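Structure first, then comments.
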Amino acid sequence: MADTKKTAKFTLDGRDFDLPVHSPTAGPDVVDIRKLYGQAGVFTYDPGFTSTASCDSAITFIDGDAGVLLHRGYPIDQLASASHYLEVCYLLLYGNLPSAAELEDFETRVTQHTMIHEQMHNFFRGFRRDAHPMATMVGVVGAMSAFYHDSTDINDPWQREVASIRLIAKMPTIAAMAYKYSIGQPFVYPRNDLDYAANFLHMCFSVPAEDYTVDPILARAMDRIFTLHADHEQNASTSTVRLASSSGANPFACIAAGIACLWGPAHGGANQACLEMLNEIGTVDRIPEFIARAKDKDDPFRLMGFGHRVYKNFDPRATVMKESADEVLELLGVENNPILQVAKELEKQALADPYFAEKKLFPNVDFYSGIILEAMGFPTSMFTPIFALSRTVGWISQWKEQLSDPALKIGRPRQLYTGETERDYVPVEKR
Ligand code: ACO
């Protein structure tokens, strides 16, 4: 962050305070209010952090008005079309695109950590069969600190690195196992001759009685879904990971916290909720009824897969996802899939509606991802686990960045108290 000579003036009860202004490499200037309470004795109030930067970061940049998403400076559409997930993981983690040798070394390290501790199989079996795979993932990833205790010392750079690789490598295995467990099939071990995305499809769809041949086009589409979800700046789950980590919690506990936050329908749970909504709409003629409900102030219904806290023009990930949906459905010979028709028509009608235009509501990344995942054979309950495994590298990169910040402080927001003022305790017989 660069210090400018600029200051912002803040006046309270006739007293003036000068607040430093920092200029980022891209994006709006940032007013530094860290000393405000000490100097002026007031807090700022910003529930939902709509105007508050919680950290410095050099990983991801979003310009929500222009529909720009950059990872380490590279536009997401270029990464989604020309790169691949593990290369993007390297970029997010280490800051630059790898050389051929660096990439090979990184891929080898990830590949050699894809198996999970055999004892964890027993841990999985403690869950109810009908548990949501996200519930299982929160538990299993949290439990990794018990199975991989030798990589929980956050002050040791080597252990931090090992924990990072372990999480990226094992998350597909854990997500696939959560799925297999939920449908009563045996766990499938990873195959290190397959690439990251193909191996995930193999672990989800192979059974001992019959191998699953991974179609390279589906593996590419899977890889693109991973890439499009890899990181997204200080979103709710990433901020959760950072907040958990600010207390010095171990990496597995922090990532489990991120998974728990991601599960919510306003965040990572939206892809499941979106497909369920499209199925509920069912046919194109029912779209106006659902659009009317989304606009009705007295109806809590929202168009899932629409709207974004930051993107107010378009979500660049949604554009790539829509192209991918067309490709995959054509490959699978289901391009006339009625749900895809409903999605396309819903998008058209909503975008033509002044309510959505005025509120700057556009399809987000989740609008089309569920259609692709369903066409690949995933049940809706697996959509959010797939998001979680994709986002793990983003969480880890942000976690590593935070830990290397010498100015790191425990995250501890203040509040605007609206409760009772001090009063005396009344014994129960006198109440
Ligand atoms: N359908 C109908 N109206 C909506 C929608 C929607 N999907 N999203 C926002 N609005 C309306 C709100 O009712 C509100 O109207 P008002 O000003 O009249 O009260 C206005 O638009 C602003 O909405 P907020 O909730 O204040 O916007 P915020 O930035 O806090 O929320 C969010 C963003 C949570 C993504 C929201 O748009 C939403 O709930 N969308 C549906 C869920 C979804 O798709 N989430 C995925 C996000 S992407 C991701 O996590 C990968």
Side-chain angles (χ1 to χ4, degrees), residues 46-52 60 62 64-65 67 69 71 76 80 134 224-241 258-281 287-322 324 343 346-373 380 383-395 398:
D46 185 18
F49 300 108
T50 52
S51 297
T52 299
T60 291
I62 301 175
D65 294 324
L69 168 60
H71 291 322
I76 189 64
M134 278 300 271
R224 200 173 281 167
I225 288 179
F226 293 161
T227 301
L228 290 173
H229 288 90
D231 190 45
H232 212 229
E233 213 235 47
Q234 308 311 320
N235 58 86
S237 55
T238 302
S239 298
T240 302
V241 170
I259 297 173
C261 175
L262 186 79
W263 194 2
H267 191 13
N271 51 13
Q272 172 169 354
C274 178
L275 198 81
E276 285 165 0
M277 176 194 75
L278 293 173
N279 277 315
E280 197 191 339
I281 298 174
I287 290 173
E289 176 198 330
F290 282 82
I291 289 195
R293 282 187 60 196
K295 289 158 56 177
D296 182 354
K297 279 243 161 275
D298 299 325
D299 189 332
F301 174 77
R302 285 185 170 200
L303 279 192
M304 299 316 281
F306 256 76
H308 198 274
R309 169 58 64 79
V310 180
Y311 294 119
K312 299 298 176 196
N313 186 348
F314 68 96
D315 179 342
R317 302 167 302 170
T319 315
V320 183
M321 202 63 93
K322 188 177 180 180
S324 222
L346 177 63
E347 179 183 6
K348 203 165 117 197
Q349 291 190 24
L351 291 180
D353 191 302
Y355 172 93
F356 293 90
E358 275 157 26
K359 294 193 186 302
K360 303 192 171 190
L361 300 169
F362 295 85
N364 59 47
V365 66
D366 290 325
F367 194 68
Y368 283 102
S369 64
I371 294 171
I372 306 179
L373 292 172
T380 50
F383 295 0
T384 318
I386 289 170
F387 190 163
L389 91 82
S390 321
R391 181 56 57 84
T392 296
V393 69
W395 292 328
Q398 305 262 354

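Heads up: numbering here begins at 1 and tracks the sequence. Numbering of ligands and ligand atoms starts at 1, following listing order. The structure displayed is predicted, hence computed values, not measured ones.
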Would you say [X] and ligand 1 have an N/O pair spaced under 3.5 Å apart?
{"X": "Arg317", "answer": "no"}
{"X": "Asp366", "answer": "no"}
{"X": "Met304", "answer": "no"}
{"X": "Ala270", "answer": "no"}
{"X": "Phe301", "answer": "no"}

Do the side chains of [Y] and [X] get nearer than 4.5 Å, heavy atoms only?
{"X": "Val310", "Y": "Asn235", "value": "no"}
{"X": "Val241", "Y": "Gln398", "value": "no"}
{"X": "Arg317", "Y": "Leu69", "value": "yes"}
{"X": "Leu262", "Y": "Trp395", "value": "yes"}

- request: Answer with yes or no after comparing the ring centroid distance for Phe290 and Phe301 against a 6.0 Å cut-off, counting only values under it.
  value: yes
field: Tyr311-His232 aromatic ring centre distance below 6.0 Å
entry: yes
message: Donor-acceptor pair, distance only, cut-off 3.5 Å: does the side chain of Asp315 make one with the backbone of Val365?
response: yes
- prompt: Under the 3.5 angstrom rule, does the side chain of Asn271 hit a backbone N or O of Gly370 as a donor-acceptor pair?
  reply: no
For [atom], closest protein heavy-atom neighbour:
{"atom": "atom 41 (C) of ligand 1", "result": "Phe306 O, 3.4 Å"}
{"atom": "atom 50 (O) of ligand 1", "result": "His267 ND1, 3.1 Å"}
{"atom": "atom 13 (O) of ligand 1", "result": "Arg302 NH2, 3.4 Å"}
{"atom": "atom 45 (N) of ligand 1", "result": "Ala266 O, 3.2 Å"}
{"atom": "atom 4 (C) of ligand 1", "result": "Leu361 CD1, 3.5 Å"}
{"atom": "atom 30 (O) of ligand 1", "result": "Arg309 NH2, 2.9 Å"}
{"atom": "atom 3 (N) of ligand 1", "result": "Tyr355 OH, 3.1 Å"}
{"atom": "atom 48 (S) of ligand 1", "result": "His308 CD2, 3.5 Å"}

task: Please state whether Phe367 comes within less than 4.0 angstrom of ligand 1, counting heavy atoms only.
output: no
- prompt: Has Lys297 got any heavy atom lying under 4.0 angstrom from an atom of ligand 1?
  reply: yes
statement: Contacts of Lys295 meeting side chain to side chain donor-acceptor pair (under 3.5 Å) (sequence neighbours excluded), chain-then-number -> Asp353
field: Those residues that, when tested against Arg302, pass side chain to side chain donor-acceptor pair (under 3.5 Å) (two or more places apart)
entry: none
- line: When rounded to the nearest 0.5 Å, the distance separating CD1 of Ile225 from CD1 of Ile372 is 4.5 Å
- request: Go through the steps to decide whether Ser239 and Phe49 satisfy the test side-chain contact (heavy atoms from CB on, under 4.5 Å), and finish with yes or no.
  value: CA-CA 10 Å; Ser239 298; Phe49 300 108; 6.0 Å; no
Against heavy atoms of [X], which atoms of ligand 1 measure under 4.0 Å?
{"X": "Val365", "answer": "51 (C)"}
{"X": "Gly305", "answer": "43 (C), 44 (O)"}
{"X": "Phe387", "answer": "51 (C)"}

Can a protein heavy atom be found under 4.0 Å away from [atom]?
{"atom": "atom 22 (C) of ligand 1", "result": "no"}
{"atom": "atom 19 (O) of ligand 1", "result": "yes"}
{"atom": "atom 26 (O) of ligand 1", "result": "no"}

field: Under-4.0 Å salt bridge between Lys312 and Asp65
entry: no
- line: Out of Gly269, Ala294, Pro300, Gly64, the nearest non-hydrogen contact to atom 2 (C) of ligand 1 is supplied by Ala294
